[in-house]
Each structure stands twice: as structure tokens, then as C-alpha cells.
Amino acid sequence: MAAPAQSVGVPAISSRLLVLSALSVGLLLLLAYLVGFDQGAVSQSGMYLHELMHDGRHLLGVPCH
Amino acid sequence: MRTFGSLLVRGLIVGLFAGLLAGTFAYVMGESRIDAAIAIEEANAGAHTHDQGGEHEHAAEEEPLVSRTGQKAGLFLATGLSGVALGGIFAVGYTLLRRKLRTGNDAYAALGLAAAGFTGIILVPFLKYPPNPPGVGDPETVTLRTVTYLLTIVIGLLAVWAGVALSRWAARYGDVARLAGGVAGFVVTVAAAYLILPQINEVPDTFPATLLWQFRFASLGTQATLWLLLGFGYAATVARRPSEQKVSV
Ligand SMILES: [Zn+2]
């Protein structure tokens, strides 16, 4: 008897899925960059966001000062 | 049927909560250490200006862009946004890798992936370059420290992959070989990278060792909190009853 077809609960791998995945990861890495490394170039807030998130950077283990 | 979008949104939401709760841990366990480190930093800076004589420039007297109170609130913004980013990336990883994770249980798959992520992204970098509180690092080397830190993340993920790959290959020789293969693949990759990567030791001899390690454990605890909650939270959102899993797509 063949094993019952089991759904794995995720969509099948397709080129559309891969494009969506790459776009999402790209945007999310940009967000992580904003928290961990940006010094105003992305946020366009000068050093304000950089300084605001300073303690978080240290406690999240990102190299700082 | 679960779409890419619904799997991603689960990760973003779980990540946000995991990040905010990790921020609470960091606030309680870490902020007093950061305050203490900044006090030492400012005392040293003051001493230096006095040594040089002449005009007394007190760094502390400059109006900072964000006050210490503001930075303590900003901590939650930082951990919350990190949680969203990590949760989203985790969800994409889960979606793409679910078929490769050899378990019929979606919750176990999510937990295994979170354990792998924590090991590769947090633990491997932590052991090579333990994080430092304010005032310890040399500002001149921040680029080197950033590049090596990011490299340790890539290497950590590679090491986990190597461990899994070797363990699956060795499984044909039995259970002991499977375990030994997994450990060997991971440890050899990490050890080789640790040897090749440069040593960085910028902690001044005068910096209190107890405070240094209290800060480091607060940092590790913050990230462990985030990943534990992300793993269990995501597992809870994808968990299905066994009966549901038999239903075909
Ligand atoms: Zn700093």
C-alpha cells in the first residue's frame, strides 16, 4: 500500500515562489541593516536612528563602539 | 492551503513579539551594564582631557543627539525591528526548506530550523567574537570587526549545513556514525574558520571582567530569548493536528 499523500503545508517550489522569497529576504535584510549598521545613508535621518537604536545594537551583539 | 504570504506574515508577527520580549529581557538584564560601561568610558575620557591640560573639553557636556532615556526606549525599537526582520527571513527559510526537513511534524520542523538558526547566526559568532559593551571597542577597527562578524554568521550557517549534510551521508553506517558525522561536520568547519579569522582583543586591561561578562551574558540571553520565542511561536502557528496533515493539497 502506498503511503498516503501527505501535505507538507508549504507551497510547491516554483520560479514565482523563488522570486517572492528573494524580494522578501532582500527587503528584510535592508531592515536588519537599518538596525545594525546604517549611519543615515538608508534612513535619511542623519545619525538620529543610529543613536536611538544604539543600546539595541550592543545587546544584539552587533559590533559598535 | 498555506500561501507564501500567510507563512511570511506569521513570521513577521511572531518575530515582532519575540523581538519586543527580547527587548524586555535586554532592558532588565542589560541596561544597567551599559550604564556602568558608559560611566567608565566617560570617566576615562575625562581623565584623558585633564592629562593633556589646556582647555577642558568634556565630552559629557556636549548635547547628545539622543538622550540615555531615549536610547533605552530605542532598545525596544531595535529589538522589535530585528525580530521582524529575523522572523520574516526565518519564515522564508521555513517555506523553502520544509521539504528537506525529515519530519512529518511541522512544529518540530520549525523548532529544528530555529535551533539551527540560533547556532549558526548567534552561537558561532558569539564564541569567536564575544560582543562588547560601550567603550571597549576601538572605533578605528569597527569596519574590520563588522566584516569579521558578518563572516562568522555566514560560516556559522555553513557549519550547520555541513553538519547536517555529513550526518545524513554517514547515516548509512548506523546511528553512531550519523551523530559523529553531524558533530564532525559542524566542529571542523567552525574550528577551521576560528583559526583563519583574525584575533581581535580590544578589551582594556582596566575594564572590569565581571561587568564585561555580565554584559556578554545579557547579550546572549537577549538573543536566546528572541530565538526561543521565534522558534516556539512559529512552531505554534504552523502546528497541525495529525489528521490535518493527511489531507492532500
Ligand atoms: Zn556603541
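So that the names make sense, note that chain A is the first sequence line, chain B the second, and so on, each numbered from 1.
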Discussion item. Under 4.5 Å from any heavy atom of chain A, what part of B/Asp138 do you find: side chain, backbone, both or neither?
Written reply: neither
Worksheet entry | Structural part of B/Leu12 lying under 4.5 Å from a heavy atom of chain A | side chain
Item to complete: Looking only at non-hydrogen atoms, find the nearest pair between A/Gly61 and B/Pro131 and report the distance.
Response: CA-CB, 3.7 Å
Worksheet item: Which atom pair, heavy atoms only, marks the closest approach of B/Leu75 to A/Leu59?
Response: CD1-CD1, 4.1 Å
Worksheet item: From A/Asp55 CG over to B/Leu77 CG, what is the distance, rounded to the nearest 0.5 angstrom?
Response: 12.0 Å
Discussion item. So which residue, B/Leu220, B/Thr222, B/Leu8, B/Ile34, ends up with the most heavy-atom pairs under 4.5 Å with chain A?
Written reply: B/Ile34
Worksheet item: What part of B/Leu96 lies closer than 4.5 angstrom to a heavy atom of chain A: side chain, backbone, both or neither?
Response: both
Item to complete: Take the angle between the ring planes of B/Phe215 and A/His58 and call it parallel below 30°, perpendicular above 60°, tilted in between.
Response: perpendicular
Worksheet entry | Proximity breakdown for A/Leu18 and chain B, heavy-atom pairs closer than 4.5 Å | side chain
Worksheet entry | CG on B/Leu65 to CD on A/Glu51, rounded to 0.5 Å | 6.0 Å
Worksheet item: Between B/Pro134 and A/His54, which heavy-atom pair has the shortest distance, and what is it?
Response: CG-CE1, 3.9 Å
Worksheet item: Of all the residues in residues 82-90 of chain B, which have a heavy atom that comes within less than 4.5 Å of a heavy atom in chain A?
Response: B/Ser82, B/Val84, B/Ala85, B/Gly88, B/Ile89
Worksheet item: Just wondering, are more than 12 heavy atoms of other shown residues or ligands nearer than 6.0 Å to OH in B/Tyr27?
Response: no
Worksheet item: Would you say A/Ser21 and B/Thr95 make side-chain contact, with heavy atoms under 4.5 Å?
Response: no
Worksheet item: Hey, is CZ on B/Phe17 packed in by over 12 heavy atoms from elsewhere, all under 6.0 Å?
Response: no
Worksheet item: Which bit of A/Ser24 comes within less than 4.5 Å of chain B, counting heavy atoms only: side chain, backbone, both or neither?
Response: side chain
Response to the item:
Correct closest heavy-atom pair for A/Val35 and B/Ala78 would be CG1-O, 3.7 Å
Discussion item. Can you tell me which portion of B/Gln71 sits under 4.5 Å from chain A's heavy atoms? Options are side chain, backbone, both or neither.
Written reply: both
Practice prompt. Measure B/Glu41 against the heavy atoms of chain A and call it side chain, backbone, both or neither at under 4.5 Å.
Written response: side chain
Worksheet item: Measuring heavy-atom distances to chain A, does B/Pro139 have an atom under 4.5 Å in its side chain, in its backbone, in both, or in neither?
Response: neither
Worksheet entry | OH/A/Tyr48: more than 12 non-hydrogen atoms of other groups inside 6.0 Å | no
Worksheet, complete the sentence: For A/Met53 and B/Leu81 the tightest heavy-atom approach is SD-CD1, 4.3 Å
Response to the item:
What one should report as the nearest heavy-atom pair of A/His65 and B/Gly135 is NE2-N, 3.6 Å
Worksheet item: With chain B, which of A/Leu17, A/Leu49, A/Leu27, A/Leu30 has the greatest number of heavy-atom pairs at distances under 4.5 Å?
Response: A/Leu17
Worksheet item: Heavy-atom distance under 4.5 Å between the side chains of A/Val10 and B/Asp106, does that happen here?
Response: no
Worksheet item: Between B/Arg145 and A/Cys64, is there a donor-acceptor pair closer than 3.5 Å when you use the side chain of the first and the backbone of the second?
Response: yes
Discussion item. Need one label for B/Leu7: side chain, backbone, both or neither, based on atoms under 4.5 Å from any heavy atom in chain A.
Written reply: side chain
